[in-house]
Protein chains: 2
Amino acid sequence: MPVTINDIAKAANVSKATVSYVINNKPGVSEVTRQKILQIMKEMNYRPNAVARGLAGQKTEMLGLVIPDITDMFYADIIRGVENTANRFNYTLNLCTTHAEPQKEKDVVDSFTSGRVDGVILMTYHLNIDYIYELKKRGIPFVFIDCPIDDESIYSIIVDNEEGGYKATEYLIKLGHKEIAFIHGSRDSWDNESRFKGYCRALKDYGLKFQEEFIKHGEFQKIGGYQVTKELLKLEKKPTAIFAANDQMALGALSAILEAGLKVPDDISIIGFDDIEAAALVDPPLTTISQPTAKMGQKAVELLMDLIRGEEPEPRKILLKTVLVERGSCA
Amino acid sequence: MPVTINDIAKAANVSKATVSYVINNKPGVSEVTRQKILQIMKEMNYRPNAVARGLAGQKTEMLGLVIPDITDMFYADIIRGVENTANRFNYTLNLCTTHAEPQKEKDVVDSFTSGRVDGVILMTYHLNIDYIYELKKRGIPFVFIDCPIDDESIYSIIVDNEEGGYKATEYLIKLGHKEIAFIHGSRDSWDNESRFKGYCRALKDYGLKFQEEFIKHGEFQKIGGYQVTKELLKLEKKPTAIFAANDQMALGALSAILEAGLKVPDDISIIGFDDIEAAALVDPPLTTISQPTAKMGQKAVELLMDLIRGEEPEPRKILLKTVLVERGSCA
DNA sequence: TTGTAGGCGTTATCAC
DNA sequence: GTGATAACGCCTACAA
């Protein structure tokens with residue numbers, strides 16, 4: 001049986017109210033009693049019960065984080081950003097992974113709307129707008145990262161994927177490339193679409209023609225990138241550069257090219273997206289577009305904290321820029 | 001203001017006790033009232049407050065996880081194992097990272113001993129035996145993973161690092177190597193010491209002599225592995241194989257060797273430890289010793305659940321074996 | 001400056 | 001079967 005505020009009060013010969021005051025160091029307690037109580041708390045090794053405080057004070061100092069997968073570096077970096085920032089606010093993290101399963105996403109979010117946490121950061125792919133409106137009614141603050149839904153009222157942190165796609169393509173164009181292939185990720189992915197839009201816009205801005213045969217689909221998988229690159233290499237007019245919508249596919253493309261006896265970047269340039277850890281380790285190291293993962297986590301928490309404090313921060317969308325990481329796979 | 005059990009009770013014209021019974025589907029409620037209450041709960045979109053349940057029932061259905069770093073693949077895999085298993089028990093995860101800082105480790109553990117969680121899984125490097133005994137008095141169940149302290153009374157999951165070190169060395173020996181270098185990790189690391197012991201034991205068992213000049217220190221860092229390998233390559237009698245105490249250092253060693261114009265594994269073989277993601281991606285892919293990360297997480301949770309249930313499981317130490325992952329860096 | 005008492009939302013122990 | 005009512009440990013008016 002852990003020691004409670006009552007035990008302290010008895011031992012110190014005061015009421016629990018007084019003890020409570022010193023716990024939360026509020027004014028209105030004489031220095032003598034305060035010191036005495038402090039002393040006794042230390043002696044008895046007292047630590048306030050967080051659950052009881054949560055009930056009484058209506059806040060748990062915990063925040064929920066819903067994320068697809070911890071073992072994916074991209075998410076791991078976000079989580080770290082979230083945790084570090086949460087700690088700054090004396091908040092602790094309740095983590096749930098969904099593996100991007102629709103049902104799991106709902107279950108997890110439901111479990112967070114039971115008073116367990118003061119607010120939730122969401123990274124989900126399948127929650128639809130109705131559900132999210134439902135969520136708003138539950139009265140718990142939440143912030144999306146990369147929200148797949150375009151609704152002005154939802155607080156969210158957004159990465160400017162289109163600008164990233166544009167930047168990648170422009171980089172290749174400025175390097176002198178005119179025949180640039182694009183490897184799509186998942187068809188229904190918002191991120192992927194934006195990157196593709198950036199690609200198209202860059203081509204257009206620089207007066208390059210869009211070539212249907214250079215557009216492939218790799219489903220965000222390494223193997224996908226590998227396979228479609230093989231197809232690309234069979235074309236009579238091969239591309240001189242490949243922009244893959246994520247690094248995994250770029251890595252796949254890289255293997256395919258090397259396997260065909262060609263050199264990167266001498267024969268073909270490759271640029272990826274995400275800047276996963278492996279990107280720096282392959283040979284040649286992969287040039288890519290890096291997402292500001294730590295900042296995404298940080299901004300999400302800061303926004304959420306404002307909401308928890310009852311503020312209504314504006315704007316509701318925070319747009320973060322990507323950055324080009326030049327390594328050795330483009331020339 | 002979320003709807004409470006009282007609101008439901010009023011709406012259904014019963015007492016909250018009755019509502020509570022149906023929430024926890026306990027017997028002793030007529031089918032009619034049960035259905036009626038269920039109906040109303042759904043209509044009013046009621047969900048029980050987890051914090052209040054925690055206070056009343058003395059359990060939070062959450063467990064704490066103290067770990068150095070999420071962005072390290074090794075830990076990430078462990079976390080995943082923990083989370084999956086915790087979910088099976090309907091438990092959710094409260095995650096805290098320490099970055100292996102001594103003070104942070106203490107703070108975090110302290111914060112978990114405030115009733116916030118039902119039990120804690122610890123992966124720490126600096127908590128000393130006194131503190132741990134202190135912890136036991138607090139009455140909260142805890143399980144260590146890779147406990148750095150050798151005390152029979154502490155519950156912990158242990159990886160047989162020595163056997164892993166032995167296995168790696170033996171593998172090289174059987175490949176015909178006689179000049180095997182060893183790159184140490186951190187000097188004060190328990191894991192590292194065990195791996196080194198395994199290395200020494202294997203040399204001895206196979207009648208190979210221990211050569212001081214082949215023993216280097218890389219501090220578990222890639223750059224460290226790189227630097228000491230450069231030194232190794234300057235020796236008049238170079239080693240024919242290198243066993244690095246972790247993959248990061250092995251990767252560093254790999255770069256150093258390739259940079260020197262030598263081939264792996266033709267000129268020098270390399271074996272690592274941990275099987276991080278990058279190990280499979282480099283060229284040549286790294287042969288390494290893999291730790292059973294998912295199982296470590298799983299076993300830790302299972303053990304902890306027994307403790308939470310008030311059992312006293314034996315034995316208190318669970319020893320897990322490593323596995324050799326043969327790839328292309330040894331010949 | 002300190003104490004009393006009510007409340008936070010549940011669970012659990014009794015009676016009825 | 002169902003309903004009061006007392007915990008659970010803390011916070012916070014309000015009173016003294």
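Order of the sequence lines fixes the chain letters, A, B, ..., with proteins taken first and strands second; residue numbering starts at 1 for each chain.
In the set D/dC8, D/dC10, D/dT2, the nucleotide with an atom closest to the side chain of B/Y21 is D/dT2. Comparing C/dT11, D/dT12, C/dT1 against the side chain of B/I23 picks out C/dT11 as the nearest. Out of C/dT10, C/dA12, D/dC11, the shortest distance to the side chain of B/A17 is found at C/dA12. In the set C/dT11, D/dG3, C/dG9, the nucleotide with an atom closest to the side chain of B/S20 is C/dT11. When the nucleotides D/dT2, C/dG9, D/dC8 are ranked by their closest atom to the side chain of B/N49, C/dG9 comes out on top. Comparing C/dT10, D/dG3, C/dC8 against the side chain of B/V14 picks out D/dG3 as the nearest. Checking D/dC10, D/dG9, C/dT11 against the side-chain heavy atoms of B/K16 singles out C/dT11 as nearest. Residue A/T18 places its side chain closer to C/dT2 than to any other of C/dT2, D/dG1, D/dG3.
Nucleic acid contact for B/K26: sugar-phosphate only, since backbone atoms but no base atoms lie under 4.0 Å from a heavy atom of the residue. A/S30 comes within 4.0 angstrom of sugar-phosphate atoms only, judged by non-hydrogen atoms across all strands, and of no base. In this structure, B/N24 reaches the sugar-phosphate backbone alone: every heavy-atom distance under 4.0 Å involves primed, P, OP1 or OP2 atoms, never a base. Residue contacts shown for B/V51 are absent, as no nucleic acid heavy atom lies under 4.0 Å away.
With DNA chain D read from its 5' end, the first of the two nearest nucleotides for B/A56 and B/P27 is the one closest to B/P27.
Atom CZ of A/R53 and atom P of D/dT12 are 9 Å apart (whole Å). Rounded to whole Å, atom P of C/dT1 lies 15 Å from atom NZ of A/K36. Whole-Å rounding puts the A/Q58 CD to C/dG6 C1' distance at 14 Å. The CG atom of A/D7 sits 13 Å away from the C1' atom of D/dC8 (whole-angstrom rounding). When the P atom of D/dG3 is taken as reference, atom CG of B/N13 falls 8 Å away, rounded to whole Å. The separation between A/R116 atom CZ and C/dG9 atom C1' is 14 Å, rounded to whole Å. As rounded to whole Å, 18 Å separates atom P of C/dG6 from atom CG of A/L55. If you measure from atom CG of A/N6 to atom P of C/dT4, you get 12 Å, rounded to the nearest angstrom.
Between A/D160 and A/K321 there is a salt bridge, since at least one side-chain N of the basic residue sits less than 4.0 Å from a carboxylate O of the acidic one. Using a cut-off of 4.0 Å between Lys/Arg side-chain N and Asp/Glu carboxylate O, B/D107 and B/K104 are scored as not salt-bridged. Comment: B/K10 does not engage B/D7 in a salt bridge, judged by the lack of any side-chain N to carboxylate O separation of less than 4.0 angstrom.
For D/dG1, the OP1/OP2 oxygens have no side-chain nitrogen or oxygen of B/T33 closer than 4.0 Å. Residue A/S15 has a polar side-chain atom (N or O) positioned under 4.0 Å from OP1 or OP2 of C/dG3.
Donor-acceptor pairing under 3.5 Å is lacking for the side chains of A/S114 and B/R47. With 3.5 Å as the limit, one finds a donor-acceptor pair spanning the side chains of B/D69 and B/T71.
Smallest separation of non-hydrogen atoms from B/F142 and B/Y155: O-CB, 4.0 Å.
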